[in-house]
Amino acid sequence: QVQLVESGGGLVQAGGSLRLSCAASGLTFSRYAMGWFRQAPGKGREFVAAISQSGGNTYYANSVKGRCTISRDNAENTLYLQMNSLKPEDTAIYYCGADWRQLSTVVTTAAEDYDYWGQGTQVTVSS
């Protein structure tokens with residue numbers, strides 16, 4: 001079965017950095033566009049970043065642009081999110097999602113387009 005397992009979350013001070021990972025199994029990873037979303041307490045799931053199947057196309061939410069970098073290693077079936085200059089408002093559970101497509105450079109910011117989700121990893125940024 002398909003599994004997406006996030007890791008790398010934790011408690012960090014404002015201005016610090018974290019690198020999230022999402023290990024995928026049970027799917028042909030290179031045929032999926034991938035995304036990171038987050039959900040803060042009492043709020044809906046929010047798009048953070050997405051990357052195309054080959055990694056050649058990326059897209060970021062304005063709230064993280066310039067501070068985060070999404071990348072993937074198709075040989076290792078792993079998705080990453082490098083987060084720098086973290087702010088307290090970045091505190092949330094971070095989820096990775098997989099979006100199956102025909103060979104494509106398209107990425108999507110809509111959570112409903114994603115077929116599979118991980119269980120999430122908590123990121124807490126203290127002020």
Is there a donor-acceptor contact under 3.5 Å from the side chain of [X] to the main chain of [Y]?
X	Y	answer
Asp73	Thr78	no
Ser104	Val106	yes
Ser63	Ala61	no
Arg72	Phe29	yes
Arg38	Ile93	no
Gln53	Arg31	yes
Thr121	Gly9	yes
Glu6	Gly120	yes

Smallest separation among heavy atoms of [X] and [Y], with atom names:
X	Y	answer
Asn74	Asn77	O-OD1, 3.1 Å
Lys43	Gln39	O-NE2, 2.9 Å
Ala24	Leu4	CB-CD2, 3.5 Å
Ala92	Ala40	CB-N, 3.8 Å

Subject >> Pair Arg67-Asp90, side chain to side chain contact (heavy atoms under 4.5 Å, CB included): steps then yes or no >> reply: CA-CA 11 Å; Arg67 299 189 297 120; Asp90 293 319; 2.8 Å; yes

State yes or no: do [X] and [Y] share one hydrophobic cluster built from I, L, V, M, F, W and Y residues joined by side-chain heavy-atom distances below 4.5 Å, directly or via other members?
X	Y	value
Met34	Val107	no
Tyr114	Leu79	no
Val2	Ile51	yes
Tyr80	Leu20	no

Subject >> Stepwise side chain to side chain contact (heavy atoms under 4.5 Å, CB included) test for Leu18 and Leu86 >> reply: CA-CA 8 Å; Leu18 284 174; Leu86 283 162; 4.1 Å; yes

**OP:** Step through the shown structure and confirm whether more than 12 heavy atoms of other residues, nucleotides or ligands are within 6.0 Å of NZ on Lys65.
**Re:**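 Counting other residues, nucleotides and ligands, NZ of Lys65 exceeds 12 neighbours.
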
**OP:** Working to the nearest 0.5 Å, report the span between CD of Gln82 and OG of Ser21.
**Re:** 9.5 Å

Subject >> Close side-chain approach of Ser126 and Val12, heavy atoms under 4.5 Å >> reply: no

Original post:
With a 3.5 Å cut-off and no angle check, do the side chains of Ser52 and Asn57 form a donor-acceptor pair?
Top reply: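 Per modelled atom types, Ser52 and Asn57 side chains form no pair under 3.5 Å.
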
Original post:
Are Ser17 and Asn84 linked by a side-chain donor-acceptor pair shorter than 3.5 Å?
Top reply: yes

**OP:** Please assess Asp113 against Thr108 for the test side chain to side chain donor-acceptor pair (under 3.5 Å), listing each intermediate value before the final yes or no.
**Re:** CA-CA 7 Å; Asp113 288 340; Thr108 177; 2.7 Å; yes

**OP:** State whether Tyr95 and Arg45 meet the cation-pi test: NZ (Lys) or CZ (Arg) under 6.0 Å from the six-membered ring centroid, and within 45° of the perpendicular axis.
**Re:** yes

Subject >> Cation-pi check, Arg101 onto Tyr32 ring (under 6.0 Å, within 45° of axis) >> reply: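 Here Arg101 fails the 6.0 Å and 45° test against Tyr32.
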
Original post:
Under 6.0 Å between ring centres, would you say that holds for Tyr60 and Phe47?
Top reply: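 That pair fails the under 6.0 Å test.
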
**OP:** I would like to know whether Glu89 and Thr91 meet side chain to side chain contact (heavy atoms under 4.5 Å, CB included); could you show each step before the answer?
**Re:** CA-CA 5 Å; Glu89 51 264 43; Thr91 295; over 6 Å; no

Original post:
Would Leu27 and Trp100 count as a side chain to side chain contact (heavy atoms under 4.5 Å, CB included) if you check the C-alpha gap in whole Å, the side-chain angles of each, and the deciding distance to 0.1 Å?
Top reply: CA-CA 10 Å; Leu27 75 171; Trp100 186 89; over 6 Å; no

Subject >> With Trp117, the ring pair (Phe, Tyr, Trp, His ring centres under 6.0 Å) member among Phe37, Tyr94, Trp36 >> reply: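 It is Phe37, the one option of Phe37, Tyr94, Trp36 that forms the ring pair (Phe, Tyr, Trp, His ring centres under 6.0 Å) with Trp117.
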
